[in-house]
Amino acid sequence: MEDWKTIANLPNLLTVLRVLALPFFVFALFQKDIEYQVFAFVLFALASITDLIDGYLARKWNQQTEFGKFLDPMADKVLVIGCFVAFLFIHEPIEVWMVLLIIGRDMLITFLRYVAVRSGTSLRTTMMGKVKTAFQMGAILIILIIFMLVSGNRKNMINEMYALGKTAGLSTFEIATENAKSFYDTIRMDVLPETSELITLAAAFVPYFGMLLTTFITVISGMRYIVTNHSLLGFSNLKRIFYDRIKS
């Protein structure tokens with residue numbers, strides 16, 4: 001068991017701060033003023049940077065701890081899932097099934113990691129995991145930038161557009177596709193509209209397709225983990241872990 005002096009180092013502190021930043025981030029997202037949206041973007045960007053720094057410092061200063069190894073990926077999951085759940089309540093184009101699949105994938109990996117530990121082996125990671133993380137972070141940053149550019153009434157207008165479209169029987173995909181076509185037709189015009197109008201048109205479809213692509217990559221990443229670590233899910237292995245858990 002590690003004592004608090006071993007745990008209390010700068011890399012672990014940065015990881016803890018990443019978790020503590022989430023409530024402030026979510027609070028800022030739910031505000032209408034652009035200043036709060038800028039604050040949310042900066043806070044998430046800083047949190048993402050600490051994700052790179054804490055691991056580097058832990059290795060460089062030889063301050064890697066079991067606590068840090070557990071908390072670091074957990075902090076990433078808390079921050080990313082917190083962002084997507086907040087988007088679900090704020091932005092109409094973001095759909096429930098997208099967020100559920102992303103959460104489900106993380107629950108699956110957590111379960112596989114638990115099985116690996118109980119089996120005395122290590123979970124085999126894949127390059128798709130890194131690709132997934134890049135897409136998720138990129139999608140969040142893009143959506144946050146759009147929130148800064150179309151905060152207030154224009155964001156409400158986009159939400160109302162999707163709500164009315166769904167009431168008329170259209171799917172979110174159909175509404176986003178129509179908005180993308182409108183954007184494409186607009187930029188082909190001889191006389192372009194004002195920049196603010198173009199930004200609003202882009203904001204009406206970019207978050208949806210960004211989330212759609214991110215969800216697809218996330219699901220592929222989860223399937224890749226299952227294929228790579230399929231031996232952990234063997235019936236005999238799971239049965240042994242189950243009985244060991246009951247005995248303990």
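Heavy atoms only: backbone and side chains are in, while hydrogens, waters and symmetry mates are out. These numbers come from a predicted model, not from an experiment.
Considering only heavy atoms from C-beta on, Phe41 stays 4.5 Å or farther from Phe147 through its side chain. With a 4.5 Å cut-off on side-chain heavy atoms, Thr177 and Phe205 do not count as touching. A heavy-atom distance below 4.5 Å is found between the side chains of Thr215 and Trp97. Side chains of Val99 and Val85 form a contact here, defined as non-hydrogen atoms less than 4.5 Å apart.
Side chain of Gln37 to backbone of Leu144: no donor-acceptor contact under 3.5 angstrom is found. Side-chain N or O atoms of Ser221 include none that pairs as donor or acceptor with a backbone N or O of Ile217 at under 3.5 Å.
Listed here is the closest heavy atom pair of Ile158 and Thr200: CD1-O, 3.9 Å. Heavy atoms only, all atoms of each residue included: Leu43 and Ala21 are closest at CD2-O, 3.5 Å. In this structure, Ala40 and Ala28 approach most closely via the heavy-atom pair CB-CB, 4.0 Å. Between Val26 and Gly82 the shortest heavy-atom distance is CG2-O, 4.5 Å. What you find for Ile94 and Leu88 is that their closest heavy atoms are O-CD1, 3.5 Å. Between Leu79 and Ala47, the shortest heavy-atom contact is CD2-CB, 3.7 Å.
A continuous path of ILVMFWY side-chain contacts below 4.5 Å connects Val42 to Ile143, so both sit in one hydrophobic cluster. A continuous path of ILVMFWY side-chain contacts below 4.5 Å connects Leu22 to Phe24, so both sit in one hydrophobic cluster. Hydrophobic clustering (ILVMFWY, side-chain heavy atoms < 4.5 Å, transitive): Val115 and Val227 are in distinct clusters. Note: the hydrophobic cluster containing Leu100 also contains Val80 (ILVMFWY, side chain heavy atoms under 4.5 Å, direct or indirect links). In the hydrophobic clustering of this structure, Ile199 groups with Ile187; members are Ile, Leu, Val, Met, Phe, Trp, Tyr whose side-chain heavy atoms approach within less than 4.5 Å, directly or through other members.
The local environment of CZ in Arg224 is sparse, with at most 12 non-hydrogen atoms from other residues, nucleotides or ligands closer than 6.0 Å. Counting non-hydrogen atoms of neighbouring residues, nucleotides and ligands closer than 6.0 angstrom, the OH atom of Tyr36 reaches no more than 12 such neighbours. Remark: Asp185 CG is packed, more than 12 non-hydrogen atoms of other residues, nucleotides or ligands lying under 6.0 Å away. The neighbour count for Met107 CE, taken as heavy atoms of other residues, nucleotides or ligands under 6.0 Å away, does not exceed 12. More than 12 heavy atoms of other shown residues, nucleotides or ligands fall within 6.0 angstrom of atom CZ in Phe30. Heavy atoms from other residues, nucleotides or ligands lying under 6.0 Å from NZ of Lys32 number 12 at most.
Not less than 6.0 angstrom separates the ring centroid of Tyr162 from the ring centroid of His91.
Rounded to the nearest 0.5 angstrom, Phe135 CZ and Ile220 CD1 are separated by 11.5 Å. Atom CE in Met211 sits 8.0 Å away from atom OG1 in Thr218 (nearest 0.5 Å). Taken to the nearest 0.5 Å, the CD1 atom of Ile146 stands 11.5 Å off from the CZ atom of Arg154. With rounding to the nearest 0.5 Å, the separation of CD in Gln31 from CD1 in Ile90 is 9.5 Å. Taking CD1 from Ile226 and CG from Leu112, the interatomic distance works out to 6.5 Å, rounded to the nearest 0.5 Å. Residue Asp106 holds its CG atom at 9.5 Å from CZ of Phe84, rounded to the nearest 0.5 Å.
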>> Working note: Met223 + Met128, criterion side-chain contact (heavy atoms from CB on, under 4.5 Å); need CA distance, chi angles, decisive distance, verdict.
In response: CA-CA 10 Å; Met223 294 172 62; Met128 280 300 300; over 6 Å; no
>> Under the criterion side-chain contact (heavy atoms from CB on, under 4.5 Å), I'd like the reasoning laid out for Asp76 against Thr133: C-alpha separation, chi angles, the key distance, then a yes or no.
In response: CA-CA 9 Å; Asp76 295 342; Thr133 300; over 6 Å; no
> So Glu95 and Thr172, side-chain hydrogen bond (donor to acceptor under 3.5 Å, both in side chains) or not? Walk me through it.
Replying inline: CA-CA 8 Å; Glu95 297 192 278; Thr172 307; 2.9 Å; yes
> When you look at Lys77 and Thr110, which way does the side-chain contact (heavy atoms from CB on, under 4.5 Å) test go after all the steps?
Replying inline: CA-CA 10 Å; Lys77 288 178 173 60; Thr110 300; 3.8 Å; yes
>> Between Leu17 and Thr50, is the side-chain contact (heavy atoms from CB on, under 4.5 Å) condition met? List the steps.
In response: CA-CA 9 Å; Leu17 288 176; Thr50 64; over 6 Å; no
